[in-house]
Amino acid sequence: MSGETLDGGAFDGGSTAGAPTRVDHLAALPATGPLYAGALARAGRAMVATASVGEGLPDRALRVADVHLDRARLDAYCRLIGETAGEAAPPGFVHVTLFPLQLALMGRADFPLPMLGMVHVANRVEQLRAVRTDDALVATTWARDLVGRPVGSGDRLGTQVELVTEARVGRPDGELVWQGVSTYLAKGVQLPDLALLDRPERPAFSPPVPTGGWTTAKLTSREYATVSGDRNPIHTHALAARAFGFRGTIAHGMDTAARALAALGPLRGEAFTWTAEFAAPVPVPGRVALRLERAEDLDVTAGGVRPGWSMTAWDPRRGALHLRSALALA
Amino acid sequence: MTSAPSYSPTASPTASSAGSARPTPNGTAVVVGGNRIPFAKAGGAYAGASNLDMLTSTIDGLAARFGLAGARLDEVRAGAVLAHSRDFNLAREAVLGSSLDATTPAVTLQRACATSIEAAWDVANKVTLGQIEVGVAAGVDSTSDAPIVVSERLRRVLLRLGRARSVPEKLKLLGQLRPADLAPVAPNVNEPRTHLSMGEHQALTNLQWQVTREAQDAVALASHHHLAQAWQDGLFDDLVTPYRGLTRDAALRPETTAEALAGLRTVFGNDQPNPTMTAGNSTPLSDGAAAVLIASPEWAAQRQLPALARIVDAEAAAVDFVRGEDGLLMGGAFAVPRLLARQGLGLDDIDLVEIHEAFAGVVVATTTAWADEAFAAERLGLPALGTLDPARLNVAGSSLAAGHPFAATGARIVATLATLLARRRAADPEREAPFRGVISVCAAGGQAVAMLLEA
């Protein structure tokens with residue numbers, strides 16, 4: 001692998017700020033199974049030995065070129081999520097296609113947080129145009145913004161990190177079409193010398209009138225794990241989920257967010273900002289209620305509000321909020 | 001080498017004129033009559049009958065009623081909502097199994113619960129244009145004999161298995177199957193985009209329009225009492241042929257009371273603080289079929305058959321329930337006002353109103369919307385229709401009491417309303433204004449079809 005300097009030019013007000021100076025090229029997207037196996041082994045060792053996490057983020061971005069969306073997998077994803085399987089991929093499919101890059105980065109020995117047990121707390125996608133099956137993508141992932149933050153309502157602390165993934169067409173400096181920012185939280189992990197975020201605001205949630213919803217099922221979670229490559233065992237194995245502090249298996253956050261977006265259908269257009277904040281995990285099996293609502297003043301970007309749609313998902317039995325999501329039209 | 005074709009045209013019995021006659025639009029299509037079988041409850045008297053069985057019997061009953069055995073009609077147009085893939089040509093197969101002449105053409109169509117009212121609209125249009133003289137519009141549905149399919153994974157593996165060439169390839173495919181994939185999948189009529197059942201959707205609409213339990217139960221009570229009275233008065237002697245031992249609609253409870261309805265537990269909207277929907281104010285799953293005969297007045301006169309009512313006009317509507325803009329079954333709040341506005345009519349000009357009771361809440365919410373000035377101004381751009389006199393509504397009962405075999409309901413209502421209007425006309429032949437009736441049938445996918453009849 002040869003390192004090279006990460007070129008800037010991202011559109012999001014300089015999202016390469018704090019980005020690594022060196023880029024490692026991978027020959028292809030790695031398989032996710034071995035990455036999880038390695039992470040499981042490390043998690044097992046960590047349970048018997050004091051965790052020896054590094055400090056700071058790796059000064060590396062990972063890049064893979066000539067990535068093509070897989071037609072058969074796209075079909076399976078669309079059928080599962082409730083999207084029309086066409087030439088243009090839903091933004092969540094670009095996320096799952098490029099997700100192995102995130103795993104590869106988080107699976108590195110010098111990554112300071114344990115890959116398993118991290119919670120996906122938020123996701124943001126800027127899509128400039130739809131990614132199509134005939135696009136040859138150059139995808140790059142890096143980590144940024146390692147910060148401490150309070151967890152829950154008590155005085156526990158955790159560490160949060162953002163993983164940025166961008167997809168360009170053709171060349172490393174080609175047309176930027178898609179950029180994702182996934183925010184993960186490692187509960188109970190504290191690293192020295194980190195800035196500490198304020199406690200996130202948690203406005204009280206009272207369930208609105210739903211416009212739709214869906215049921216979650218183990219079979220569906222297994223299918224999402226297969227089609228997304230996100231084989232984190234908390235989604236498919238109750239024992240694993242309990243080991244990481246959940247009451248039982250929970251749905252993939254990006255599965256929930258993608259279903260909510262699918263309900264919106266073609267109104268999202270090709271270019272947009274799609275945000276998702278994940279609240280209480282979605283139990284499997286269970287039911288999810290959804291409300292889609294038109295919004296004129298979505299505040300998803302610094303400097304100005306945009307029209308679009310808000311998507312809220314919750315547990316219709318307990319009234320617990322699962323997801324606040326927004327789709328701001330470009 | 002020349003040899004003349006040696007076929008000799010033989011005279012074949014045809015009910016209608018020669019097909020080569022030039023179409024002469026005369027602008028009129030009339031309902032000659034209808035026939036249906038009593039509607040059964042799911043798993044009841046028709047549990048062993050298929051859609052094709054019931055549709056064929058219903059068409060045979062219609063043919064018997066109007067002396068059409070052996071006759072070639074210009075079209076039979078029919079469909080089912082829960083359709084088996086083997087029934088891809090359901091209407092034509094029913095014709096071939098019926099007493100109609102085998103040269104009667106047929107079309108299979110589907111517009112969810114508005115299937116047979118759509119069929120009636122289509123047939124009426126063709127008659128009006130002079131392209132055909134007579135046709136049958138029909139619908140059938142069985143929830144007892146519904147298609148069961150294999151799981152999506154098994155289906156895909158089986159399809160790929162059929163294309164696989166080598167044994168290892170086939171074994172690899174079979175190895176992908178899990179025990180859970182082998183379980184059969186029963187049909188559901190949940191909305192594919194919201195994953196909510198119709199009942200859950202109506203519960204949301206009831207919230208939006210503040211429909212009370214009392215108002216819904218009152219609709220249900222009236223439906224049972226009106227239908228029971230209509231059976232007692234012999235209205236259905238002209239409209240229903242007994243089938244498989246059933247002589248009356250199985251869901252009908254003539255003795256039901258407001259207290260009995262009020263005592264039922266709620267079945268939909270139970271996530272809401274005050275659920276209101278019960279098995280009493282929701283239609284039961286049903287089996288049944290209905291058909292209506294539509295023709296030009298000349299065709300009816302030639303055969304000395306009645307012209308019960310003219311099909312004047314129809315209008316379809318669809319709402320965006322997916323994003324919660326309107327309730328799933330609220331299409332009638334748009335279709336009926338638009339239809340009446342086009343015809344220059346108000347609610348006072350309508351003698352009888354038939355609103356398909358998918359749920360009692362549909363009737364309450366739709367009539368509430370008709371009277372809502374703000375809704376009319378903002379959503380329709382029309383004046384509000386005003387408040388409907390309950391004495392004009394579903395006077396011979398509707399789906400809550402009769403049952404609702406999805407695709408059959410439209411034809412049931414068209415035939416019933418035409419008969420009711422014809423009786424009013426017969427009782428008051430001197431009235432100058434026509435007796436008018438309007439129908440609203442809501443359907444899955446946020447659709448509705450409205451139709452105007454007059455006698």
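Model, not experiment: these values are computed from the prediction. Numbered from 1 within each chain, the chains take letters A, B, ... in sequence-line order.
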Q: Give a yes or no on this: more than 12 heavy atoms of other residues, nucleotides or ligands lie within 6.0 Å of atom CZ of A:Arg222.
A: yes
Q) Within a reach of under 6.0 Å around NE2 of B:His84, are more than 12 heavy atoms found that belong to other residues, nucleotides or ligands? A) yes
Q. If you check every heavy atom in residues 266-277 of chain A against those of chain B, which residues fall under 4.5 Å?
A. A:Pro266, A:Leu267
Q. At a heavy-atom separation under 4.5 Å, does A:Pro210 approach chain B through its side chain, its backbone, both, or neither?
A. both
**Q.** Under 4.5 Å from any heavy atom of chain B - which part of A:Glu293
**A.** neither
(Q) Test side chain to side chain contact (heavy atoms under 4.5 Å, CB included) on B:Leu264 and B:Leu261; report intermediate values, then the result. (A) CA-CA 6 Å; B:Leu264 295 171; B:Leu261 287 165; 4.2 Å; yes
Q. Passes ring pair (Phe, Tyr, Trp, His ring centres under 6.0 Å), A:His252 versus A:His120? Steps please.
A. CA-CA 9 Å; A:His252 296 76; A:His120 195 180; over 10 Å; no
Q | A:Arg79 versus chain B, the contacting section by heavy-atom distance below 4.5 Å | A | side chain
(Q) I need the contact set between residues 170-183 of chain B and chain A: heavy-atom distance under 4.5 Å, sorted by residue number. (A) B:Arg178, B:Asp181
Q | Pair B:Glu357-B:Thr283, side-chain donor/acceptor within less than 3.5 Å | A | no
(Q) Report, in residue-number order, which members of residues 148-168 of chain B are under 4.5 Å from chain A by heavy-atom distance. (A) B:Glu152, B:Arg153, B:Arg156
Q) Are there residues of residues 320-333 of chain B that reach to under 4.5 Å of chain A by heavy atoms, and which ones? A) B:Phe321, B:Val322, B:Arg323, B:Gly324
Q) Taking the six-membered ring for Trp, are A:Tyr224 and A:Tyr77 parallel (under 30°), tilted (30 to 60°) or perpendicular (over 60°)? A) tilted
Q: Run the salt-bridge test on A:Arg287 and B:Asp271 with the 4.0 Å N-O cut-off and return the result as yes or no.
A: yes
Q: Determine whether A:Leu290 and B:Thr194 make a side-chain contact, defined as any pair of heavy atoms from C-beta on separated by less than 4.5 Å.
A: no
Q. Does a salt bridge link A:Arg71 with A:Glu87, judged by any charged N lying under 4.0 Å from a carboxylate O?
A. yes
